[in-house]
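Please read the structure below before turning to the comments.
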Amino acid sequence: MVCVNHRDREAVAQCSECGAYICAECANKTEPLKSVCGTLCPSCYRNKITQTHDYYAGQRKKKLASAIVSLICYVVGWILAAAGPGMVFTLIGIVLMGIYPAIAWFRFAGKSIDDYDARHGATYVVTDTGVHRDRAMWLRVVFFFAGLVFGIFITPINIIRWFISAAKNNKAAKICEEQLASI
Ligand SMILES: [Zn+2]
Ligand SMILES: [Zn+2]
């Protein structure tokens, strides 16, 4: 058997992913992933690292977006609440400060209710206008306000956590890029 990439070289191993035969030099290049994925050919190695890179790059983008959007909402909200001309601005400011967790909790409640309905069957209510599906809107609203109040205190911590997480994901993505460049 000869190496899939070097037709003049004897194969010493087989890729655990695609079954291709590879020479010692090719096996050596993919060594960093051997303990996790087994022996890989350079092409499968590249695929694995690209997948890993895309995951970290996706997380980096997500965490960074969360951090920036939350930071802007929080700062603008705080300014409005502290220095806004009147009660309405103060209220809008307070809502803005906790809006990110509030929306997340509202969605979480909605998803949990939908999951529950999917498993146990939806509940219906009869009103003057007919039969409606009970979407438990009050529960979603309760979660929204709980998230809002909680969010006012927890958002600064979340922002820091998201920035740290974005930095970690950025580092991991960069390592993947270096590995891709070196093969
Ligand atoms: Zn392969
Ligand atoms: Zn080779």
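Order of appearance sets the numbers: ligands from 1, and atoms from 1 within every ligand.
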Shortest-distance N/O/S atom, His6 versus the Zn ion (ligand 2): ND1
Angle subtended at the Zn ion (ligand 1) by SG of Cys44 and SG of Cys41, nearest 10°: 100°
Heavy atoms of other groups near Met1 CE, more than 12 under 6.0 Å: no
Side-chain donor-acceptor pair present, Glu25, His6, cut-off under 3.5 Å: no
Phe163 atom CZ, over 12 foreign heavy atoms within 6.0 Å: yes
More than 12 heavy atoms of other groups within 6.0 Å of Tyr56 OH: no
Angle in degrees, rounded to 10°, that SG of Cys3 and SG of Cys26 form at the Zn ion (ligand 2): 110°
